[in-house]
Amino acid sequence: MAYYYPEPSHTFSEYLLIPGYTSEECIPDRVSLKTPLVKYRKGVEEPAISLNVPLTSAVMQSVSNDTLAIALAKEGGISFIFGSQTIENQAKMVARVKGYKAGFVTSASNLTPDATLADVLALKARNGFSTVAITEDGTPNGRLLGIVTSRDYRVSRMEPTDKVADFMTPRAKLITAPAETTLKEANDIIWDHKLNSLPIVDDSDHLMYFVFRKDYASHKANPQELLDSEKRYLVGAGINTRDYATRIPALLEAGADVFVIDSSEGYTCWQEKTIKWVRDTYGDSVKIGAGNVVDRDGFMFLAKAGADFVKVGIGGGSICITRETKGIGRGQATALIEVAAARDEYFLQTGIYVPICSDGGIVHDYHMTLALAMGADFLMLGRYFARFDESPTNKVMINGAYMKEYWGEGSNRARNWQRYDLGGSTKLSFEEGVDSYVTYAGSLHDNVEGSLYKVRSTMCNVGVTTIPDLQREAKLTLVSSVSIVEGGAHDVTLRSTSNVK
(Lines give C-alpha, C1' and ligand atoms only; values in the text may rest on other atoms or scores of the structure.)
Protein backbone atom coordinates (compact mmCIF):
# COMPACT_ATOMS: atom_id res chain seq x y z
CA MET A 1 0.00 0.00 0.00
CA ALA A 2 1.29 3.49 -0.86
CA TYR A 3 2.40 5.79 1.94
CA TYR A 4 0.12 8.75 2.61
CA TYR A 5 1.41 11.83 4.40
CA PRO A 6 -0.97 12.70 7.25
CA GLU A 7 -0.87 16.45 6.54
CA PRO A 8 -1.22 18.40 3.29
CA SER A 9 1.85 20.20 1.97
CA HIS A 10 1.89 23.98 2.25
CA THR A 11 3.19 26.98 0.33
CA PHE A 12 4.87 30.14 1.61
CA SER A 13 1.67 32.18 1.38
CA GLU A 14 0.11 29.98 4.06
CA TYR A 15 2.59 31.14 6.72
CA LEU A 16 3.33 34.30 8.66
CA LEU A 17 6.19 35.23 10.98
CA ILE A 18 5.46 36.23 14.56
CA PRO A 19 7.33 39.36 15.76
CA GLY A 20 10.05 38.99 18.40
CA TYR A 21 11.74 41.49 20.69
CA THR A 22 13.57 44.21 18.73
CA SER A 23 16.45 45.90 20.57
CA GLU A 24 18.10 49.24 19.77
CA GLU A 25 20.94 47.37 18.05
CA CYS A 26 18.60 45.57 15.66
CA ILE A 27 18.31 47.91 12.69
CA PRO A 28 18.38 46.97 8.96
CA ASP A 29 21.85 48.49 8.40
CA ARG A 30 23.31 46.07 10.95
CA VAL A 31 21.74 42.92 9.50
CA SER A 32 24.19 40.54 7.84
CA LEU A 33 22.88 38.35 5.04
CA LYS A 34 26.13 36.42 4.61
CA THR A 35 25.49 32.71 4.15
CA PRO A 36 27.40 29.55 3.16
CA LEU A 37 27.15 28.29 -0.40
CA VAL A 38 29.02 24.98 -0.01
CA LYS A 39 29.41 22.37 2.71
CA TYR A 40 31.90 22.80 5.55
CA ARG A 41 32.66 21.66 9.09
CA LYS A 42 30.58 24.17 10.97
CA GLY A 43 32.28 25.50 14.06
CA VAL A 44 35.67 24.22 12.86
CA GLU A 45 36.29 25.99 9.54
CA GLU A 46 34.88 28.63 7.25
CA PRO A 47 33.09 27.65 4.02
CA ALA A 48 35.24 27.67 0.87
CA ILE A 49 32.57 29.87 -0.73
CA SER A 50 30.05 32.11 1.01
CA LEU A 51 27.51 34.51 -0.44
CA ASN A 52 27.19 38.07 0.82
CA VAL A 53 23.46 37.98 0.03
CA PRO A 54 21.38 34.77 -0.12
CA LEU A 55 20.43 35.04 -3.80
CA THR A 56 21.35 32.87 -6.78
CA SER A 57 19.86 33.00 -10.27
CA ALA A 58 18.26 29.97 -11.87
CA VAL A 59 20.01 27.78 -14.44
CA MET A 60 17.82 29.01 -17.29
CA GLN A 61 18.27 30.32 -20.84
CA SER A 62 15.95 33.23 -20.08
CA VAL A 63 17.73 34.19 -16.85
CA SER A 64 21.39 33.40 -16.29
CA ASN A 65 23.82 34.63 -18.89
CA ASP A 66 27.05 36.59 -18.37
CA THR A 67 25.42 40.04 -18.11
CA LEU A 68 23.10 38.98 -15.30
CA ALA A 69 25.93 37.06 -13.60
CA ILE A 70 28.04 40.22 -13.46
CA ALA A 71 25.15 42.32 -12.15
CA LEU A 72 24.28 39.79 -9.43
CA ALA A 73 27.91 39.32 -8.35
CA LYS A 74 28.09 43.09 -7.83
CA GLU A 75 25.26 42.74 -5.30
CA GLY A 76 26.89 39.81 -3.48
CA GLY A 77 25.05 36.84 -5.02
CA ILE A 78 25.98 34.34 -7.71
CA SER A 79 24.55 33.16 -11.02
CA PHE A 80 24.68 29.69 -12.49
CA ILE A 81 25.21 30.12 -16.23
CA PHE A 82 22.71 27.97 -18.10
CA GLY A 83 24.02 24.69 -19.48
CA SER A 84 21.46 24.09 -22.25
CA GLN A 85 23.91 25.41 -24.82
CA THR A 86 27.15 24.22 -26.35
CA ILE A 87 30.10 23.71 -24.03
CA GLU A 88 32.05 26.32 -26.01
CA ASN A 89 29.36 28.99 -25.63
CA GLN A 90 28.85 28.31 -21.94
CA ALA A 91 32.61 28.49 -21.33
CA LYS A 92 32.77 31.82 -23.16
CA MET A 93 30.04 33.23 -20.89
CA VAL A 94 31.91 32.06 -17.79
CA ALA A 95 35.16 33.56 -19.11
CA ARG A 96 33.48 36.90 -19.77
CA VAL A 97 32.30 37.08 -16.16
CA LYS A 98 35.74 36.17 -14.81
CA GLY A 99 37.43 38.70 -17.06
CA TYR A 100 34.97 41.55 -16.60
CA LYS A 101 36.55 42.92 -13.44
CA ALA A 102 39.72 41.43 -12.08
CA GLY A 103 41.71 44.28 -10.64
CA PHE A 104 44.51 43.17 -12.97
CA VAL A 105 42.72 42.58 -16.28
CA THR A 106 44.19 40.79 -19.28
CA SER A 107 43.64 43.03 -22.29
CA ALA A 108 40.60 41.94 -24.28
CA SER A 109 41.04 44.43 -27.17
CA ASN A 110 44.33 44.35 -29.04
CA LEU A 111 45.60 45.53 -32.45
CA THR A 112 48.88 46.17 -34.24
CA PRO A 113 50.04 49.65 -35.37
CA ASP A 114 49.15 48.71 -38.96
CA ALA A 115 45.47 48.41 -38.10
CA THR A 116 43.07 51.18 -39.11
CA LEU A 117 40.46 53.36 -37.47
CA ALA A 118 37.86 51.07 -39.02
CA ASP A 119 39.45 48.14 -37.17
CA VAL A 120 39.29 50.08 -33.89
CA LEU A 121 35.60 50.91 -34.37
CA ALA A 122 34.76 47.32 -35.36
CA LEU A 123 36.55 45.97 -32.29
CA LYS A 124 34.73 48.40 -30.01
CA ALA A 125 31.38 47.48 -31.56
CA ARG A 126 32.13 43.79 -31.10
CA ASN A 127 33.19 43.72 -27.44
CA GLY A 128 32.19 47.12 -26.04
CA PHE A 129 35.63 48.10 -24.72
CA SER A 130 36.98 51.57 -25.51
CA THR A 131 40.60 50.91 -24.47
CA VAL A 132 42.62 49.12 -27.15
CA ALA A 133 46.16 47.94 -26.50
CA ILE A 134 48.50 48.35 -29.47
CA THR A 135 51.12 45.64 -29.31
CA GLU A 136 53.84 44.51 -31.67
CA ASP A 137 52.02 41.33 -32.62
CA GLY A 138 48.45 42.33 -31.76
CA THR A 139 48.21 39.89 -28.83
CA PRO A 140 47.25 40.62 -25.19
CA ASN A 141 50.83 40.04 -24.04
CA GLY A 142 52.84 41.42 -26.93
CA ARG A 143 55.39 44.23 -26.58
CA LEU A 144 53.45 47.40 -25.79
CA LEU A 145 53.70 50.10 -28.49
CA GLY A 146 50.79 52.34 -27.53
CA ILE A 147 47.14 52.63 -26.53
CA VAL A 148 44.03 53.87 -28.32
CA THR A 149 41.07 55.22 -26.38
CA SER A 150 38.06 57.26 -27.49
CA ARG A 151 40.08 60.43 -26.77
CA ASP A 152 42.58 59.55 -29.51
CA TYR A 153 40.26 59.86 -32.48
CA ARG A 154 37.23 61.70 -33.80
CA VAL A 155 35.28 59.81 -36.42
CA SER A 156 33.87 62.95 -38.06
CA ARG A 157 37.35 64.34 -38.73
CA MET A 158 39.19 61.18 -39.72
CA GLU A 159 39.12 58.56 -42.43
CA PRO A 160 38.35 54.89 -41.72
CA THR A 161 41.63 53.99 -43.43
CA ASP A 162 43.79 56.10 -41.07
CA LYS A 163 46.51 53.96 -39.48
CA VAL A 164 46.48 53.34 -35.74
CA ALA A 165 50.17 54.26 -35.61
CA ASP A 166 49.28 57.82 -36.61
CA PHE A 167 46.76 58.57 -33.86
CA MET A 168 47.50 56.21 -30.95
CA THR A 169 49.09 57.46 -27.73
CA PRO A 170 52.61 56.07 -28.18
CA ARG A 171 54.52 54.08 -25.60
CA ALA A 172 56.85 56.97 -24.82
CA LYS A 173 53.91 59.04 -23.53
CA LEU A 174 52.32 56.25 -21.48
CA ILE A 175 52.58 55.91 -17.72
CA THR A 176 53.05 52.22 -16.88
CA ALA A 177 53.88 50.14 -13.81
CA PRO A 178 56.11 47.09 -13.33
CA ALA A 179 54.93 43.52 -12.82
CA GLU A 180 55.38 43.55 -9.03
CA THR A 181 52.98 46.49 -8.54
CA THR A 182 50.19 45.76 -6.05
CA LEU A 183 46.58 46.66 -6.75
CA LYS A 184 46.69 49.41 -4.11
CA GLU A 185 49.84 50.86 -5.65
CA ALA A 186 48.28 50.71 -9.11
CA ASN A 187 45.18 52.56 -7.94
CA ASP A 188 47.37 55.19 -6.25
CA ILE A 189 49.22 55.76 -9.56
CA ILE A 190 45.90 56.05 -11.40
CA TRP A 191 44.69 58.62 -8.87
CA ASP A 192 47.92 60.63 -8.77
CA HIS A 193 48.19 60.89 -12.57
CA LYS A 194 44.45 61.21 -13.31
CA LEU A 195 44.47 58.10 -15.51
CA ASN A 196 41.58 55.96 -16.69
CA SER A 197 43.81 52.92 -17.11
CA LEU A 198 47.29 51.80 -16.12
CA PRO A 199 49.22 49.23 -18.19
CA ILE A 200 51.27 46.72 -16.20
CA VAL A 201 54.37 45.59 -18.12
CA ASP A 202 57.18 43.10 -17.52
CA ASP A 203 60.93 43.71 -17.76
CA SER A 204 60.83 43.29 -21.55
CA ASP A 205 58.01 45.82 -21.89
CA HIS A 206 55.46 43.14 -22.74
CA LEU A 207 51.93 44.02 -21.67
CA MET A 208 50.71 41.89 -18.78
CA TYR A 209 47.52 43.55 -17.52
CA PHE A 210 45.50 46.72 -17.28
CA VAL A 211 44.20 48.23 -14.06
CA PHE A 212 41.14 50.41 -14.69
CA ARG A 213 39.89 53.39 -12.69
CA LYS A 214 36.27 52.27 -13.22
CA ASP A 215 36.94 48.97 -11.44
CA TYR A 216 38.04 50.80 -8.28
CA ALA A 217 34.96 53.03 -8.47
CA SER A 218 32.77 49.99 -9.06
CA HIS A 219 34.16 48.25 -5.99
CA LYS A 220 33.49 51.31 -3.82
CA ALA A 221 29.95 51.54 -5.19
CA ASN A 222 29.32 47.83 -4.56
CA PRO A 223 30.81 46.94 -1.17
CA GLN A 224 28.97 43.59 -1.10
CA GLU A 225 30.34 42.36 -4.45
CA LEU A 226 31.32 38.70 -4.53
CA LEU A 227 34.98 38.29 -5.49
CA ASP A 228 37.55 35.51 -5.60
CA SER A 229 41.12 35.77 -4.28
CA GLU A 230 42.18 37.50 -7.49
CA LYS A 231 39.45 40.16 -7.22
CA ARG A 232 37.40 38.56 -10.00
CA TYR A 233 33.65 38.02 -9.80
CA LEU A 234 32.50 34.58 -8.70
CA VAL A 235 30.34 32.67 -11.17
CA GLY A 236 28.67 29.27 -11.22
CA ALA A 237 27.65 26.99 -14.07
CA GLY A 238 24.91 24.44 -14.62
CA ILE A 239 25.82 20.96 -15.85
CA ASN A 240 23.85 17.85 -16.77
CA THR A 241 24.33 14.14 -16.07
CA ARG A 242 25.24 13.34 -19.68
CA ASP A 243 28.30 15.26 -20.87
CA TYR A 244 29.76 16.32 -17.50
CA ALA A 245 33.13 14.62 -18.16
CA THR A 246 33.66 16.95 -21.12
CA ARG A 247 31.79 20.04 -19.92
CA ILE A 248 33.27 20.40 -16.43
CA PRO A 249 36.97 20.53 -17.51
CA ALA A 250 36.15 23.17 -20.14
CA LEU A 251 34.22 25.27 -17.63
CA LEU A 252 36.98 24.97 -15.04
CA GLU A 253 39.48 26.20 -17.60
CA ALA A 254 37.19 29.17 -18.28
CA GLY A 255 37.21 29.96 -14.55
CA ALA A 256 33.94 28.55 -13.14
CA ASP A 257 33.94 28.62 -9.33
CA VAL A 258 31.11 26.20 -8.58
CA PHE A 259 28.74 23.86 -10.41
CA VAL A 260 25.21 22.63 -9.94
CA ILE A 261 23.55 19.65 -11.56
CA ASP A 262 20.58 21.13 -13.39
CA SER A 263 17.73 18.67 -13.03
CA SER A 264 14.05 18.67 -12.19
CA GLU A 265 14.56 15.70 -9.85
CA GLY A 266 17.77 14.85 -8.01
CA TYR A 267 17.07 11.59 -6.17
CA THR A 268 18.64 9.51 -8.97
CA CYS A 269 21.57 7.25 -9.71
CA TRP A 270 22.59 9.68 -12.47
CA GLN A 271 23.34 12.46 -10.02
CA GLU A 272 25.16 10.05 -7.73
CA LYS A 273 27.38 8.96 -10.65
CA THR A 274 28.06 12.55 -11.66
CA ILE A 275 29.13 13.56 -8.16
CA LYS A 276 31.28 10.43 -7.84
CA TRP A 277 33.08 11.30 -11.08
CA VAL A 278 33.80 14.80 -9.77
CA ARG A 279 35.16 13.46 -6.47
CA ASP A 280 37.26 10.75 -8.16
CA THR A 281 38.65 13.28 -10.66
CA TYR A 282 39.10 16.41 -8.55
CA GLY A 283 38.55 15.42 -4.93
CA ASP A 284 36.95 18.20 -2.89
CA SER A 285 38.62 21.01 -4.85
CA VAL A 286 35.69 21.24 -7.27
CA LYS A 287 32.41 22.35 -5.70
CA ILE A 288 29.18 20.86 -7.02
CA GLY A 289 25.60 21.18 -5.83
CA ALA A 290 22.80 18.74 -6.64
CA GLY A 291 19.01 18.42 -6.60
CA ASN A 292 16.17 18.96 -6.66
CA VAL A 293 14.59 17.05 -3.77
CA VAL A 294 11.54 17.55 -1.55
CA ASP A 295 12.02 15.24 1.43
CA ARG A 296 14.48 13.84 3.96
CA ASP A 297 15.35 10.75 1.91
CA GLY A 298 16.28 12.79 -1.14
CA PHE A 299 18.49 15.12 0.89
CA MET A 300 20.27 12.30 2.73
CA PHE A 301 20.94 10.53 -0.56
CA LEU A 302 22.62 13.55 -2.14
CA ALA A 303 24.48 14.58 1.03
CA LYS A 304 25.96 11.10 1.37
CA ALA A 305 26.81 11.11 -2.34
CA GLY A 306 29.03 14.14 -1.68
CA ALA A 307 26.97 17.13 -2.85
CA ASP A 308 28.29 20.52 -1.70
CA PHE A 309 24.76 21.90 -1.44
CA VAL A 310 21.27 20.56 -2.14
CA LYS A 311 18.45 22.33 -3.97
CA VAL A 312 14.90 21.92 -2.69
CA GLY A 313 11.75 22.19 -4.77
CA ILE A 314 9.85 20.39 -7.51
CA GLY A 315 7.09 22.03 -9.51
CA GLY A 316 6.93 25.33 -7.62
CA GLY A 317 8.41 27.59 -10.27
CA SER A 318 6.08 30.03 -12.02
CA ILE A 319 6.82 28.50 -15.45
CA CYS A 320 7.04 24.88 -14.24
CA ILE A 321 4.17 22.48 -14.95
CA THR A 322 5.80 19.29 -13.64
CA ARG A 323 3.09 18.83 -11.02
CA GLU A 324 0.42 19.38 -13.65
CA THR A 325 1.88 17.00 -16.23
CA LYS A 326 3.36 14.29 -13.99
CA GLY A 327 1.72 14.64 -10.57
CA ILE A 328 5.14 14.91 -8.93
CA GLY A 329 6.13 17.53 -6.37
CA ARG A 330 5.35 19.03 -3.00
CA GLY A 331 4.34 22.37 -1.52
CA GLN A 332 7.55 24.39 -1.25
CA ALA A 333 7.22 25.39 2.40
CA THR A 334 6.60 21.83 3.59
CA ALA A 335 9.42 20.46 1.45
CA LEU A 336 11.84 23.07 2.78
CA ILE A 337 10.92 22.50 6.43
CA GLU A 338 11.49 18.74 6.15
CA VAL A 339 14.76 19.04 4.23
CA ALA A 340 16.08 21.66 6.69
CA ALA A 341 15.45 19.22 9.53
CA ALA A 342 17.33 16.53 7.57
CA ARG A 343 20.25 18.92 7.02
CA ASP A 344 20.49 19.56 10.77
CA GLU A 345 20.23 15.84 11.45
CA TYR A 346 23.05 15.13 9.00
CA PHE A 347 25.19 17.82 10.66
CA LEU A 348 24.72 16.25 14.09
CA GLN A 349 25.70 12.86 12.66
CA THR A 350 28.74 13.94 10.66
CA GLY A 351 29.81 17.43 11.73
CA ILE A 352 29.36 18.53 8.09
CA TYR A 353 26.89 21.30 7.32
CA VAL A 354 25.42 20.94 3.82
CA PRO A 355 23.64 24.18 2.83
CA ILE A 356 20.22 23.94 1.23
CA CYS A 357 18.81 26.15 -1.51
CA SER A 358 15.12 26.92 -1.82
CA ASP A 359 14.36 26.76 -5.55
CA GLY A 360 10.88 27.88 -6.61
CA GLY A 361 7.72 29.18 -5.00
CA ILE A 362 8.96 32.73 -4.31
CA VAL A 363 6.20 35.10 -5.47
CA HIS A 364 6.42 38.05 -3.07
CA ASP A 365 9.47 39.58 -1.40
CA TYR A 366 8.33 38.43 2.05
CA HIS A 367 8.49 34.84 0.81
CA MET A 368 12.28 35.28 0.76
CA THR A 369 12.33 35.89 4.50
CA LEU A 370 9.95 33.02 5.14
CA ALA A 371 12.13 30.64 3.13
CA LEU A 372 15.23 31.67 5.09
CA ALA A 373 13.36 31.33 8.39
CA MET A 374 12.24 27.83 7.38
CA GLY A 375 15.86 26.79 6.98
CA ALA A 376 17.03 27.77 3.51
CA ASP A 377 20.62 28.99 3.44
CA PHE A 378 20.06 30.72 0.12
CA LEU A 379 17.44 31.05 -2.61
CA MET A 380 17.40 30.34 -6.34
CA LEU A 381 15.15 32.65 -8.36
CA GLY A 382 14.08 32.61 -12.00
CA ARG A 383 11.03 34.80 -12.61
CA TYR A 384 12.39 37.40 -10.18
CA PHE A 385 15.58 37.95 -12.20
CA ALA A 386 13.97 37.47 -15.63
CA ARG A 387 12.21 40.84 -15.20
CA PHE A 388 15.38 42.93 -15.11
CA ASP A 389 17.40 44.83 -17.72
CA GLU A 390 20.35 42.47 -17.30
CA SER A 391 18.49 39.25 -18.14
CA PRO A 392 19.16 37.93 -21.67
CA THR A 393 15.62 38.13 -23.03
CA ASN A 394 13.87 40.72 -25.17
CA LYS A 395 11.82 43.58 -23.73
CA VAL A 396 8.54 43.79 -25.61
CA MET A 397 5.33 45.84 -25.46
CA ILE A 398 2.25 43.73 -24.63
CA ASN A 399 -1.14 45.42 -24.28
CA GLY A 400 0.47 48.77 -23.53
CA ALA A 401 2.92 47.50 -20.90
CA TYR A 402 6.57 46.53 -21.16
CA MET A 403 7.23 42.84 -20.56
CA LYS A 404 10.23 40.52 -20.69
CA GLU A 405 10.13 37.09 -22.31
CA TYR A 406 10.46 34.18 -19.87
CA TRP A 407 10.36 30.47 -20.65
CA GLY A 408 10.99 27.27 -18.77
CA GLU A 409 13.80 24.84 -19.47
CA GLY A 410 11.19 22.14 -19.95
CA SER A 411 9.36 24.10 -22.64
CA ASN A 412 9.58 23.38 -26.36
CA ARG A 413 11.36 26.71 -26.76
CA ALA A 414 14.27 25.68 -24.51
CA ARG A 415 14.19 21.96 -25.28
CA ASN A 416 16.57 21.26 -22.40
CA TRP A 417 15.87 17.53 -22.44
CA GLN A 418 18.97 16.79 -20.36
CA ARG A 419 17.35 18.49 -17.36
CA TYR A 420 14.52 15.98 -17.39
CA ASP A 421 16.57 12.99 -18.54
CA LEU A 422 15.92 9.64 -16.83
CA GLY A 423 18.43 7.68 -18.85
CA GLY A 424 16.29 6.94 -21.89
CA SER A 425 16.61 7.98 -25.52
CA THR A 426 13.32 9.78 -26.12
CA LYS A 427 14.69 13.18 -25.02
CA LEU A 428 11.92 15.82 -24.59
CA SER A 429 8.70 13.93 -25.37
CA PHE A 430 6.37 16.30 -23.51
CA GLU A 431 6.64 19.75 -21.97
CA GLU A 432 7.27 20.46 -18.27
CA GLY A 433 7.53 24.24 -18.69
CA VAL A 434 5.73 27.07 -20.43
CA ASP A 435 6.70 30.02 -22.67
CA SER A 436 5.49 33.30 -21.15
CA TYR A 437 6.04 36.97 -20.31
CA VAL A 438 6.82 38.69 -17.02
CA THR A 439 6.36 42.36 -16.17
CA TYR A 440 9.48 44.40 -16.88
CA ALA A 441 10.89 45.79 -13.63
CA GLY A 442 14.02 47.83 -14.47
CA SER A 443 17.54 47.35 -13.14
CA LEU A 444 18.68 44.43 -11.04
CA HIS A 445 20.46 46.68 -8.55
CA ASP A 446 17.41 48.78 -7.68
CA ASN A 447 15.13 45.77 -7.28
CA VAL A 448 17.55 43.62 -5.28
CA GLU A 449 18.33 46.54 -3.00
CA GLY A 450 14.61 47.04 -2.33
CA SER A 451 13.84 43.36 -1.83
CA LEU A 452 16.73 42.77 0.57
CA TYR A 453 15.87 45.87 2.57
CA LYS A 454 12.48 44.25 3.21
CA VAL A 455 14.23 41.05 4.29
CA ARG A 456 16.50 42.95 6.69
CA SER A 457 13.57 44.95 8.05
CA THR A 458 11.52 41.82 8.68
CA MET A 459 14.47 40.17 10.41
CA CYS A 460 14.61 43.16 12.75
CA ASN A 461 10.90 42.66 13.47
CA VAL A 462 11.76 39.11 14.45
CA GLY A 463 14.62 40.46 16.58
CA VAL A 464 17.61 38.97 14.74
CA THR A 465 20.54 40.27 12.67
CA THR A 466 21.88 37.12 10.97
CA ILE A 467 20.37 34.28 8.93
CA PRO A 468 21.43 31.58 11.44
CA ASP A 469 19.74 33.58 14.21
CA LEU A 470 16.62 33.88 12.06
CA GLN A 471 16.52 30.12 11.54
CA ARG A 472 16.95 29.53 15.26
CA GLU A 473 14.67 32.24 16.69
CA ALA A 474 11.86 32.57 14.11
CA LYS A 475 8.31 31.67 15.10
CA LEU A 476 5.96 30.83 12.23
CA THR A 477 2.22 30.26 12.14
CA LEU A 478 -0.04 28.69 9.56
CA VAL A 479 -2.88 30.95 8.47
CA SER A 480 -6.37 30.16 7.28
CA SER A 481 -7.76 31.17 3.89
CA VAL A 482 -9.84 33.86 5.62
CA SER A 483 -6.72 35.15 7.39
CA ILE A 484 -4.90 35.40 4.05
CA VAL A 485 -7.69 37.66 2.75
CA GLU A 486 -7.49 39.71 5.94
CA GLY A 487 -3.77 40.24 5.38
CA GLY A 488 -4.26 42.32 2.25
CA ALA A 489 -6.20 45.48 1.55
CA HIS A 490 -9.90 44.74 2.06
CA ASP A 491 -13.24 46.46 2.49
CA VAL A 492 -11.91 49.66 0.87
CA THR A 493 -11.87 51.13 -2.60
CA LEU A 494 -8.29 51.69 -3.69
CA ARG A 495 -7.43 55.07 -5.18
CA SER A 496 -4.55 53.70 -7.29
CA THR A 497 -2.69 50.49 -8.01
CA SER A 498 0.76 49.80 -6.64
CA ASN A 499 3.60 47.48 -7.52
CA VAL A 500 4.72 47.24 -3.91
CA LYS A 501 4.63 43.67 -2.64
Side-chain angles (χ1 to χ4, degrees), residues 35-41 45-51 56-60 64 69 73 77-85 87 90-91 93-94 97-98 226 228 234-293 298-313 339 342-343 346-347 350 352-359 376-380 409 416 418-419 421:
T35 191
L37 179 69
V38 296
K39 67 182 180 184
Y40 68 110
R41 294 189 177 277
E45 61 186 7
E46 291 297 312
I49 305 175
S50 292
L51 303 176
T56 67
S57 65
V59 192
M60 299 175 68
S64 294
I78 196 169
S79 290
F80 288 90
I81 302 293
F82 70 92
S84 51
Q85 58 179 320
I87 295 173
Q90 189 182 20
M93 284 191 180
V94 168
V97 178
K98 299 305 291 186
L226 196 64
D228 65 17
L234 265 65
V235 62
I239 63 166
N240 61 67
T241 57
R242 287 274 184 157
D243 64 7
Y244 54 85
T246 305
R247 190 174 292 267
I248 289 177
L251 294 173
L252 285 172
E253 185 176 357
D257 297 288
V258 60
F259 300 100
V260 66
I261 303 173
D262 180 30
S263 175
S264 65
E265 207 271 288
Y267 194 178
T268 71
C269 62
W270 314 113
Q271 294 216 4
E272 183 180 42
K273 290 178 179 179
T274 302
I275 297 169
K276 183 178 186 302
W277 180 87
V278 169
R279 296 292 171 243
D280 290 346
T281 306
Y282 300 103
D284 290 327
S285 65
V286 169
K287 307 303 180 184
I288 180 169
N292 287 18
V293 299
F299 171 85
M300 288 295 187
F301 172 79
L302 291 177
K304 292 174 182 177
D308 283 292
F309 63 85
V310 174
K311 289 205 292 135
V312 181
V339 173
R343 175 205 55 206
Y346 186 80
F347 170 65
T350 65
I352 299 173
Y353 187 90
V354 180
I356 59 175
C357 168
S358 180
D359 179 15
D377 295 285
F378 56 96
L379 318 173
M380 180 168 279
E409 290 295 291
N416 182 7
Q418 294 95 334
R419 188 177 199 275
D421 181 36

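Everything numeric here is computed off the predicted structure, so don't read it as measured data. One is the number of the first residue; the rest follow in order along the sequence.
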Hey, could you give me the [atom1]/[atom2] distance between [X] and [Y], rounded to the nearest 0.5 Å?
X: Ile248; Y: Tyr244; atom1: CD1; atom2: OH; value: 8.5 Å
X: Phe299; Y: Lys311; atom1: CZ; atom2: NZ; value: 14.5 Å
X: Lys273; Y: Asp280; atom1: NZ; atom2: CG; value: 13.0 Å
X: Thr246; Y: Ile239; atom1: OG1; atom2: CD1; value: 11.5 Å
X: Leu51; Y: Thr56; atom1: CG; atom2: OG1; value: 7.5 Å

Check [X] against [Y] and note the closest heavy-atom contact, atom names and distance.
X: Ser264; Y: Asn292; result: O-CB, 4.1 Å
X: Gly238; Y: Gln90; result: O-NE2, 2.9 Å
X: Val38; Y: Val258; result: CG1-CG2, 4.4 Å
X: Met380; Y: Ala58; result: CG-CA, 3.6 Å
X: Asp377; Y: Thr35; result: O-OG1, 2.6 Å
X: Ala237; Y: Leu251; result: CB-CD1, 3.8 Å

Heavy-atom check, side chain of [X] versus side chain of [Y], under 4.5 Å:
X: Thr281; Y: Val286; answer: no
X: Tyr282; Y: Leu252; answer: yes
X: Ile275; Y: Ile261; answer: yes
X: Leu379; Y: Ser358; answer: yes
X: Asp262; Y: Phe80; answer: no
X: Lys98; Y: Val235; answer: yes

[X] side-chain N/O to [Y] backbone N/O, donor-acceptor pair under 3.5 Å:
X: Gln271; Y: Gly291; answer: yes
X: Ser79; Y: Ile81; answer: no
X: Lys39; Y: Gly306; answer: yes
X: Arg343; Y: Ile356; answer: no

query: Among all residues two or more places apart in sequence or in another chain, which pass the salt bridge (Lys or Arg N to Asp or Glu O under 4.0 Å) test with Arg41?
result: none
query: Salt bridge check: are Asp308 and Arg279 linked by an N-O gap of less than 4.0 Å?
result: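 Looking at Arg279 together with Asp308, the answer is yes, because their closest N to O distance falls below 4.0 Å.
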- request: Assess whether atom CD of Glu46 is packed by more than 12 heavy atoms of other residues, nucleotides or ligands within 6.0 Å.
  value: no
query: Should the pair Phe378 and Phe309 be assigned to parallel (<30°), tilted (30 to 60°) or perpendicular (>60°) ring geometry?
result: perpendicular
query: Can you find a side-chain donor-acceptor pair between Ser57 and Ser64 that sits under 3.5 Å?
result: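 A pair is found: one side chain offers a donor N or O, the other an acceptor, under 3.5 Å apart.
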